[in-house]
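Remarks on the structure that follows.
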Amino acid sequence: MSTNPRYSVVAPIYNEEGNIQVLYDRISAVMDSTGESWELVCVNDGSRDRSVELITELSVKDPRVKLVNFARNFGHQIAVTAGLHHTSGDAAVIIDADLQDPPELILEMIERWKAGYQVVYAVREERKGEGWFKLLTAKLFYRLIYRITDVSIPLDTGDFRLMDRRVVNALNAMKEHNRFIRGMTSWVGFKQVGVKYVRQERFAGETKYPLKKMVRFAMDAITGFSYFPLQVMVYVSFVMGLLAVLAIPIIALLRVILGYQFLGGQVTNIVLLLLVSSFQLFFLFMMGQYVARIYDETRGRPLYVVANTVGFEQAAQAPAASIAASSSPPGQE
Ligand code: UDP
Ligand code: MG
C-alpha cells in the first residue's frame with residue numbers, strides 16, 4: 001500500500017493534446033524541486049483529440065500521473081470537482097492545462113500554505129494574449145460578482161489555487177450541481193491569502209470557453225451566491241407603481257382643466273407596453289434560472305459519470321463523499 005502524496009495537482013483537460021507534454025514537464029520540474037511527494041490528477045472532460053492517449057502514456061512512464069476519464073463533456077467546474085474528489089494529498093492545487101497559470105507559482109503557494117494559510121489563491125495582475133472582449137467581460141464579471149454576492153470572492157481570481165486537505169474535504173462535502181468553485185472556496189472560510197501573478201498566453205490550442213459557456217458560468221456564480229436578482233425586482237416594482245400613482249391625477253388634471261389630450265397616441269402605448277413587458281420577462285428569466293437550479297438539485301443526478309480511471313490504486317481511493325457524488329466508483333480500471 002502506498003502512502004498518500006504530499007501534494008495533489010488537479011488539471012481539467014478538454015482537447016488539450018498540444019499542452020499535455022509541456023504541462024507534465026513543467027509541473028514535474030516544479031514539484032520535484034520541493035523534494036516532497038506529489039501526484040498529478042488529470043480529468044479528461046470528454047476530449048475528442050489525443051489527450052487521453054497522451055495522459056495514459058505519461059501515466060505508464062510515471063505512475064504519479066493519474067487519469068479520471070469522463071464519459072462525456074461535463075464542463076470545467078465539474079471536471080475540477082471530480083479531480084478534487086480523486087486527490088489524496090495534504091494540499092491540492094487546481095491548475096489550467098493550457099499553461100495560462102504558470103506552475104512555478106505553486107512553490108510560492110506552498111510557502112504560504114506552510115506559513116499557516118489554508119487557501120492560497122492566485123490573483124491575476126495582468127492578462128496576456130486575450131482579446132479585448134474577454135478582458136472586458138472578465139473585468140465586469142469579477143466586479144459584478146464582488147458587489148452582489150454574499151461571500152467575499154476576491155477580484156481577478158480564477159481557480160488557480162492551493163487548498164489544504166481540510167478545505168478540499170469541505171468542498172467535497174458540498175453536493176450542489178451548478179458549481180462556482182472559487183465562490184465555494186471563499187464560502188468555506190479558513191485562512192486565505194492571495195499571491196500575484198501574470199496570466200500567460202495559452203501555450204497551444206484555442207480557448208474552450210465560448211460565450212455560451214461563459215454566460216452559464218456567470219449565471220452559476222450569481223445564482224449560487226446571491227439573491228440580488230430576485231430582490232431587485234421589488235425596487236423596480238416600487239418605481240413603476242409610484243409612476244403610475246403620480247400619473248393618474250396629473251393626467252386627469254391636465255385633461256379636465258386644460259382639455260389637453262396627454263400622451264394620447266397609440267405609439268406611446270406600444271412603446272410602454274414593450275418596455276414594461278421586457279422588464280417582466282427579464283425578471284421571469286432570472287427567476288427561471290433559480291427554479292431550474294432547484295430542479296437540478298431535486299433530480300439528484302450524479303455530478304458526473306466516469307468511464308474509467310488510470311493509475312489509482314484501490315488503497316488510494318477518493319474520500320467517501322466523492323463516491324456518493326460520482327456514479328461509478330473511482331479506482332476501477
Ligand atoms: N476545460 C474543461 N472542460 C470544458 C472547458 C474547459 O475541462 O468544458 C478545461 C480546459 O481544458 C482548460 C481549463 O478548463 O484546462 C480552462 O479552459 P480554457 O483555457 O479554455 O478557458 P479560458 O482560460 O479561455 O477562460
Ligand atoms: Mg485558458
Side-chain angles (χ1 to χ4, degrees), residues 8-24 26-27 40-55 58 65-87 92-103 105-106 121-142 145 156-161 177-182 197-221 303-307 309 326:
S8 302
V9 181
V10 171
I13 311 271
Y14 182 47
N15 296 334
E16 301 285 8
E17 61 183 2
N19 293 315
I20 286 164
Q21 184 62 45
V22 195
L23 179 75
Y24 168 76
R26 280 179 60 184
I27 286 184
L40 171 61
V41 178
C42 297
V43 181
N44 172 49
D45 188 14
S47 300
R48 288 179 303 270
D49 63 358
R50 293 186 57 238
S51 296
V52 169
E53 249 175 281
L54 295 173
I55 298 164
L58 282 176
V65 178
K66 297 164 189 183
L67 170 69
V68 178
N69 192 20
F70 276 0
R72 64 166 171 87
N73 178 263
F74 282 92
H76 173 215
Q77 299 286 297
I78 298 295
V80 171
T81 302
L84 291 176
H85 285 161
H86 287 78
T87 59
V93 177
I94 303 170
I95 193 166
D96 278 0
D98 58 3
L99 295 160
Q100 284 198 281
D101 307 329
L105 195 72
I106 296 174
Y121 54 84
V123 185
R124 300 160 181 172
E125 228 179 359
E126 193 191 318
R127 299 168 72 121
K128 284 191 180 163
E130 286 175 312
W132 66 270
F133 184 73
K134 179 95 179 185
L135 292 182
L136 181 74
T137 48
K139 197 167 172 129
L140 289 176
F141 170 71
Y142 287 115
I145 295 298
D156 302 317
T157 301
D159 290 323
F160 187 24
R161 59 186 62 217
H177 283 70
N178 298 281
R179 302 170 85 82
F180 179 57
I181 291 173
R182 48 202 90 160
Y197 80 113
V198 175
R199 189 151 167 89
Q200 301 299 319
E201 272 181 57
R202 218 172 206 286
F203 182 76
E206 303 262 285
T207 175
K208 309 302 181 305
Y209 257 96
L211 187 62
K212 202 173 145 206
K213 276 188 180 169
M214 273 162 63
V215 171
R216 220 211 115 117
F217 180 71
M219 280 298 169
D220 284 339
L303 291 181
Y304 52 84
V305 179
V306 175
T309 61
S326 110

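Only heavy atoms go into these numbers, but all of them, side chains included; no hydrogens, no water, no symmetry mates. Whatever order the structure lists ligands and atoms in, that order sets their numbers, starting from 1.
Tested against Ile13, the residues Asp45, Val43, Ile55, Val52 include a single side-chain contact (heavy atoms from CB on, under 4.5 Å) partner, Ile55.
With values rounded to the nearest 0.5 angstrom, Gln200 atom CD is found 11.0 Å from Asp98 atom CG. The distance from atom CG of Leu40 to atom CG of Leu23, rounded to the nearest 0.5 Å, is 6.0 Å.
Sorted by chain and number, the heavy-atom contacts of ligand 1 below 4.0 Å come from Pro12, Ile13, Tyr14, Glu16, Asp45, Asn73, Gly75, His76, Asp96, Ala97, Asp98, Gln100, Lys134, Arg199, Arg202, Thr207, Lys208, Tyr209, Lys213.
Within the 4.5 Å cutoff, no side-chain heavy atoms of Arg161 are placed close to those of Val93. The closest side-chain heavy-atom distance from Phe160 to Pro102 is below 4.5 Å.
The Mg ion (ligand 2) has an N, O or S atom of Gln100 inside 2.8 Å of it.
Taking the Mg ion (ligand 2) as reference, the nearest N/O/S atom within Asp98 carries the name OD2.
A donor atom on one side chain and an acceptor atom on the other are found under 3.5 Å apart for Asp159 and Gln77.
Judged by the 6.0 Å and 45° rule, Arg72 forms a cation-pi pair with Phe74.
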